[in-house]
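Working notes for the structure below.
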Amino acid sequence: MHKEALRRAGAPLNECGLMMHNDEIAAVFEQLADLLEIDNANPFRVRAYRDAARMLRGMSEEAADMLKRGEDLSKLPTIGKDLAEKIGELNKTGRLKALEDLKKSVPAGLADLTRVPGLGPKRVKQLYDDLNIRTPDELRKAAQKGELQKLPGFGEKMEEKLLAYFKADRSQDDRIRLFDAEKIADRLVEHLSAVARKNDITVAGSFRRRKETVGDLDILVASASPEKVMDHFTDFDEISKIDSKGKTRSTVRLRSGMQVDCRIVEKDSYGAALIYFTGSKAHNIKLRKRALARKLKVNEYGVFKGKESVAGRTEKDVYASVDLPFILPELREDRGEIEAAEKGKQPSLVKIGDIRGDLHAHTKATDGKHSVREMALAAKKRGYAYIAITDHTKHVRIAHGLTKARLEKQLDEIDRLNEELSGIRILKSAEVDILADGSLDLPDVILEKLDLAVCAVHFDFDLTPAKQTERLIRAMDHPAFSILAHPTSRLIGERDPMRVEMETLMDAALERGCYFEVNGQPERLDLNDVYCRMARERGLKLALSTDAHSTDQLDFMRFSVDQARRGWVGKKDVINTRSWRELKSLLKR
DNA sequence: GCCGTTTTCGGCCCGACTGTTTTCAGTCG
């Protein structure tokens, strides 16, 4: 998406009716900010572009749609007259003259160089001016020839560092899935618990905000003997390299490629440090500004009036000092949570304990590992009232999808089990494949026998957005259609989301009595947080499901809940927080 | 470039660590 947007921004267009998505506009602004920074522009001007990009990425409505309705974009936060015009220009022409002009003096590739650790805009500019270095590859060659250490401000160490960077395996540089980060985080906490109480150790950062992917781990420890804790931390046996080590802050890299920052503070600062280390950065900046307006200063040690500390021990105290209630970590993205909290309108978020059943689970009849009985008993053990068995249908050959006959047999089995088992109801369902023309992959005669149909796309992901939307709406027209599973069919880091007209699709679902799933598989987490929020704002209810392929995967429910919480979703916005009777009344037939 | 219960101009979050320096700039989170 990023690359596509940049291509568009730089290339002439031959189409009409162009509409730029928010993330595409954001990508253009981000590139402009990168290049402006190298060009030594006013840092606050640079920040204005970055702030706007971030705001656009978190927005649940398309700026292009607002423009279509004739709305004034400068009413949006971080968007003023100038940026509103630039968004208009992008939306109309697909290009941005300011960016094209800037590229004439600052080669676009220089932005990539700032991503090399240790290189910021100043050094990149210097490398370009003095050695005409424009790409990471040119940088590597210059370092190998020993040319860098001759530059003022660069030295032997810097050159060594860069050489080490180019020598190292870069395959793990990308953000990793929350689920994978969790395993590492658990081991780190276990390691640190030898020198600190577990209550005094928190994995903060985007991990605590439950972001779908995690770039690094930020560990905060409260301790009166920081040096002892820090020495123990840097002794962790998975560490491959210590990037920096100080008395209160260290950065290391693990053999897995994961970067870990450890910060140690005293107990009296723990709350302030938690806020600081949990982020997001934008949330913190807003808090600090708010503090300034009250003649207070917030840093990671506390809240200060002059030199006197007025809060810091708990997060609640720190928020209270700037007249705010505690704000849940999942909301701390500066997407309106501070304003909502200020008005006492912070959303009440769905909790794992609110979930009454799972509406997406497979068995060994297709690509799952366990039987219907085993899945049902595992669901009962988790305290659920119901579980929908949703095996694939025939079109999904790779999963040995069910034919009508095989599904009929499974439905008989479910009847028998429902007779036999108490305390859990097995719902008759299937993950019905949505074919390319929008028809469903099972005959009506059997669809009619299901309690609900969970429907999903597994092929033909790359139709045009209009065609894809049409396909899905046609599917939802079917009277049996209940839930659209993994609505964009993305796989994090592997497959981009299908391009659909999401607002149109959500409104169509709403009109037809259909619901969208939030799939808890660690590589799916589909819908994402922004779309969850969009659904909530439009009144479209969600099904939080696991898509479990084994009994233990029923635990993925918490990832689905996390994602929904990041989208401001409450208990009432979720259909499977209800008893089966209530849920049934929400289904269209 | 944005923004306003101090302001429509003059501000814009804050501190730790490193390397290359003799007191600090650059980078990072």
Side-chain angles (χ1 to χ4, degrees), chain A residues 29 32-33 36-38 40-55 73-87 98 113-127 148-162 165 204-207 209 214-220 226 230 234 242-252 259-265 269 272-273 275-304 318 322-323 334 342:
Chain A
F29 283 174
L32 189 52
L36 277 173
E37 197 170 32
I38 295 165
N40 201 25
N42 176 349
F44 300 107
R45 189 172 159 225
V46 173
R47 197 161 80 192
Y49 283 105
R50 296 229 164 96
D51 286 348
R54 204 189 47 75
M55 195 279 304
L73 296 183
S74 70
K75 276 186 298 195
L76 292 168
T78 74
I79 304 291
K81 186 164 165 285
D82 184 88
L83 288 187
E85 266 171 32
K86 285 194 165 71
I87 293 172
L113 278 175
T114 62
R115 294 191 179 84
V116 177
L119 294 189
K122 295 282 190 302
R123 288 186 178 135
V124 166
K125 178 78 160 54
Q126 193 184 2
L127 287 168
L148 297 186
Q149 48 178 306
K150 296 175 207 151
L151 290 180
F154 284 76
E156 219 172 312
K157 284 234 169 133
M158 191 74 204
E159 195 167 79
E160 268 172 35
K161 237 178 155 177
L162 289 170
Y165 167 81
S206 53
F207 180 85
R209 302 200 311 276
V214 173
D216 58 13
L217 290 174
D218 304 295
I219 300 203
L220 179 67
M230 199 53 95
T234 53
I242 297 171
D243 284 333
S244 71
K245 182 176 178 183
K247 270 184 277 188
T248 66
R249 168 176 241 170
S250 294
T251 298
V252 302
Q259 179 181 306
V260 184
D261 295 325
C262 181
R263 184 75 196 254
I264 299 163
V265 297
S269 296
I275 290 180
Y276 161 73
F277 233 20
T278 297
S280 66
K281 194 173 167 178
H283 177 89
N284 289 347
I285 288 176
K286 206 157 232 186
L287 280 187
R288 288 172 175 185
K289 276 187 182 163
R290 206 178 154 85
L292 283 180
R294 288 164 175 73
K295 302 212 190 304
L296 297 169
K297 186 178 75 168
V298 174
N299 59 26
E300 56 262 58
Y301 300 109
V303 183
F304 298 88
V318 174
V322 290
D323 305 314
D334 187 24
E342 183 173 39

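Letters A, B, ... mirror the listed sequences (proteins, then strands); counts begin at 1. Every value quoted in this text rests on a predicted model; they were computed, and no experiment measured them.
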Under the side-chain contact (heavy atoms from CB on, under 4.5 Å) test, residues paired with A/Met55 that sit two or more places apart: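 Partners of A/Met55 under the side-chain contact (heavy atoms from CB on, under 4.5 Å) test: A/Met59, A/Leu76, A/Pro77, A/Thr78, A/Ile79.
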side-chain contact (heavy atoms from CB on, under 4.5 Å) filter on A/Asp334, not counting sequence neighbours, yields A/Arg54, A/Ala282, A/Lys286, A/Glu337
Categorize [X] for me: base, sugar-phosphate, or nothing, with a 4.0 angstrom heavy-atom threshold over every strand shown.
X: A/Leu287; result: nothing
X: A/Tyr276; result: base
X: A/Pro152; result: nothing
X: A/Thr251; result: nothing
X: A/Lys247; result: sugar-phosphate
X: A/Lys281; result: base
X: A/Leu83; result: sugar-phosphate
X: A/Asp51; result: nothing
X: A/Gln259; result: sugar-phosphate
X: A/Val116; result: sugar-phosphate
X: A/Lys86; result: sugar-phosphate
X: A/Val298; result: sugar-phosphate

Which residues satisfy the side-chain hydrogen bond (donor to acceptor under 3.5 Å, both in side chains) test with A/Ser244, sequence neighbours excluded?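 Not a single residue meets the side-chain hydrogen bond (donor to acceptor under 3.5 Å, both in side chains) criterion with A/Ser244.
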Practice problem: Please list, chain by chain and in numerical order, all residues satisfying side-chain hydrogen bond (donor to acceptor under 3.5 Å, both in side chains) with A/Thr278, sequence neighbours excluded. | Solution: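 Listed in chain order: A/Arg208.
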Self-check item: Set of ring-ring contact (aromatic ring centres under 6.0 Å, His included) partners for A/Tyr49, sequence neighbours left out
Solution: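 A/Tyr49: ring-ring contact (aromatic ring centres under 6.0 Å, His included) contacts with A/Phe29.
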Suppose you measure atom [atom1] in [N] against the same atom in [M]; what distance do you get, rounded to whole Å?
N: B/dT27; M: B/dT20; atom1: C1'; value: 14 Å
N: B/dG15; M: B/dG10; atom1: P; value: 26 Å
N: B/dG11; M: B/dC17; atom1: P; value: 31 Å
N: B/dG1; M: B/dT7; atom1: P; value: 26 Å
N: B/dG29; M: B/dT23; atom1: C1'; value: 24 Å
N: B/dG26; M: B/dT21; atom1: C1'; value: 12 Å
N: B/dC13; M: B/dC2; atom1: C1'; value: 16 Å
N: B/dT18; M: B/dC12; atom1: P; value: 28 Å

The side chain to side chain contact (heavy atoms under 4.5 Å, CB included) partner of A/Ile219 among A/Val260, A/Asp261, A/Ile264 is A/Val260
On DNA chain B, more 5' by nearest nucleotide between A/Ser244 and A/Arg294 is A/Arg294
Comparing nearest nucleotides in DNA chain B, the 5'-proximal residue of the pair A/Gly153, A/Pro77 is A/Pro77
Note, A/Met158 side chain near A/Leu119 side chain (heavy atom, < 4.5 Å): yes
Contact span of DNA chain B against chain A, any nucleotide atom under 4.0 Å from a heavy atom, 5' to 3', runs B/dG1 to B/dG29
(request) Sort out the partner of B/dC24 for me: Watson-Crick or G-U wobble, both distances under 3.5 Å, none otherwise. (result)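 Looking at the geometry, B/dC24 pairs with B/dG19.
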task = Go through the steps for A/Glu300 and A/Arg249 under the test salt bridge (Lys or Arg N to Asp or Glu O under 4.0 Å), then give the verdict.
result = CA-CA 12 Å; A/Glu300 56 262 58; A/Arg249 168 176 241 170; 5.2 Å; no
